[in-house]
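I have placed the structure first, in the form of C-alpha cells, so that the comments after it can refer back to it.
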Amino acid sequence: MSTKILAVVGTRPEAIKMAPVILALRNEPWADLRVLATAQHRQMLDQVFSWFGIDADIDLNIMRPRQSLPQLTARLMTGLDEVLEREEPAAVLAQGDTTSVMTTALGCFYRNIPFGHVEAGLRSGDLASPFPEEANRVVAGMFARWHFAPTEQAKQNLLAASISEDDIDVTGNTVIDALLETSRRDPDIGIELDSEKPLVLITAHRRENFGRPFEQVCAALSDLARRNPGIQFLYPVHPNPNVREIAYRTLSNLANFILCEPLDYASFVAAMKRALFIISDSGGVQEEAPALATPVLVLREETERPEAVQAGVVKLVGTDHGRIVAEAQDLIDDPDTRAAMALGISPFGDGNAAVRIVSRLRAHFAGKND
Ligand code: UD1
Ligand code: UDP
C-alpha cells in the first residue's frame with residue numbers, strides 16, 4: 001500500500017522551492033503524493049505551477065486583497081485542518097517561513113502528523129527581522145519531525161535549538177535544483193530591452209521595510225536611474241499593495257526604468273543571468289544569483305543567509321538612501337568591484353537537494369532504517 005504524503009504550498013517562493021520535491025516524489029512508487037495549494041498567493045503561485053507543470057489536488061484559495069496576518073493565519077488554520085482531518089496523510093511537507101508554513105507545522109502538531117520542514121534552520125536571530133518570517137521558522141522548527149537543512153550553518157542553528165542531530169539532513173537548498181533545471185532550458189526574459197545597455201534588476205517586498213525604509217529605497221533607485229541614463233533598470237513589482245503604491249508613484253516616470261508585473265520564473269531567471277547586478281530584499285534571490293555569478297546588493301541590515309555574504313558574492317546595504325546609491329554606483333563604475341562579487345560560488349547547493357530529501361523519506365516509509 002502506498003503512503004499518502006501531503007505537500008503544502010502557499011506562495012511563489014514555496015512553489016519554486018517545493019517543485020523539485022514534488023516532481024521527485026511523483027516518481028516514487030511508495031508515495032501517494034497530494035499537492036495542497038493554500039493559495040496564500042494566487043497569481044504568483046499559479047505562474048510557478050504552470051512553469052513546472054504542477055496541478056494542485058486541493059486548493060484552499062485563501063488569498064484576499066490586502067490580507068492581514070491574523071486574518072490570513074485564521075483562514076489557513078481552519079482550511080488546513082479540514083484537509084488534515086479528511087486526508088489523514090502519513091506525512092506533510094512544507095518549505096520555508098511563510099504563514100502557510102507556520103500554520104501547517106502547527107496544524108500537524110495538533111493532529112499528531114509528522115511534518116517535514118524543507119529549508120530548515122535559517123535564523124537571523126531577530127524576531128523583528130525578517131517579520132514575521134523569523135518567528136514562522138522557529139515555530140516550524142519546533143514541530144518538525146524531519147529538518148531538511150540547506151547548509152551546515154543551518155544545521156548548526158538547529159543543533160543550537162536542541163534539535164536532535166538524527167533528525168537533521170543537510171540537503172542543499174531545493175532552489176538550486178529549480179534554478180539549474182530552469183536555466184538549462186535557456187529561457188528568454190520576454191520583455192523588450194535595449195540589447196546594447198547593461199541591466200540592473202530590482203525586487204523588493206519585505207514587510208519590515210514597508211513605509212519610510214521603502215520610500216528611501218525608491219528614492220535611491222530614482223537617483224541611480226537619473227545619474228545613469230546608459231543603464232536600464234528592470235523592476236518586476238510585487239503585487240502587495242504596500243509595495244506597488246510607492247514603487248509606481250516614485251519610479252514610473254523615469255525613461256530608463258521599466259516597472260512591470262512579476263515575471264514568470266523562467267523569465268526572471270533569464271533576467272538574473274543577464275543583469276550586471278541585482279538590488280533586492282528577497283531571500284530566494286540571495287540564493288540563486290550567486291549560482292549565476294550575478295552580484296546582489298541586499299536591502300537589509302542582516303540576513304539569515306550569511307553564507308553568501310561570507311563568500312563575498314552578496315552584500316548587505318540596508319535601506320539607507322546614500323548607502324544604496326554609493327554601493328550601486330561603485331558596482332556600475334568599477335569592473336573590479338563587480339568581478340570580485342561575480343565569482344559563481346553557490347553556497348546553497350548542488351542541484352540535488354530534492355533527491356536527498358526524498359531518499360530520507362523513502363528510507364523511512366519504504367521500511368528501511370530511519
Ligand atoms: C509573503 C510571505 C513572505 C514571502 C513572500 C514572497 C507571509 C506573512 N509573507 O509576503 O514571507 O517572502 O510572500 O513573495 O507569509 N498579492 C496578490 N497576488 C499574489 C500575491 C499577493 O495580489 O499572487 C497581494 C494581495 O493583496 C495580498 C498581498 O499581496 O493580500 C500580500 O500577500 P501575503 O502573502 O500576505 O504577503 P507577501 O507580502 O506576499
Ligand atoms: N521571482 C520570480 N519572478 C519575479 C521575481 C522573483 O519568479 O518577478 C522568483 C525568484 O527567482 C525567487 C523567488 O521568486 O526564486 C523569490 O520570491 P520572493 O522574493 O517573492 O520571496 P522570498 O524569496 O523573499 O521569500
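Every heavy atom of this structure was used, including side-chain atoms; hydrogens, water molecules and symmetry mates were not. Numbers here simply count residues along the sequence, with the first being 1. First listed ligand is number 1; within each ligand, the first listed atom is number 1.
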Carboxylate-amine/guanidinium proximity below 4.0 Å for [X] and [Y]:
X: E245; Y: R249; answer: yes
X: R123; Y: E302; answer: no
X: E133; Y: R207; answer: no
X: E119; Y: R305; answer: yes

With sequence neighbours excluded, tell me which residues meet salt bridge (Lys or Arg N to Asp or Glu O under 4.0 Å) with K273.
none
Is it the side chain (CB and beyond), the backbone, both or neither of K17 that lies under 4.0 Å from ligand 2, heavy atoms counted?
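The answer is neither.
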Answer with side chain, backbone, both or neither: which part of P236 has a heavy atom less than 4.0 angstrom from an atom of ligand 2?
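Just the side chain.
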Given H205, R12, E119, R305, which one has a non-hydrogen atom that is nearest to atom 21 (O) of ligand 2?
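It is H205 whose heavy atom sits nearest to atom 21 (O) of ligand 2.
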For ligand 2 and P13, I'd like to know whether there is a polar contact (N/O to N/O, distance under 3.5 Å).
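Looking only at distances, the answer is no, because the N/O contact criterion of under 3.5 Å is not met.
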F131, CZ: over 12 other non-hydrogen atoms inside 6.0 angstrom:
no
Atom CG of D333: over 12 foreign heavy atoms under 6.0 Å
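Yes.
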Heavy-atom contacts with ligand 1 below 4.0 Å: which residues, ordered by chain and residue number?
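The 4.0 Å shell around ligand 1 contains T11, P13, Q40, H41, R42, Q43, M44, M63, R64, P65, R66, Q67, L69, L72, T98, T99, P132, E133, H205, R206, R207, H238, P239, N240, P241.
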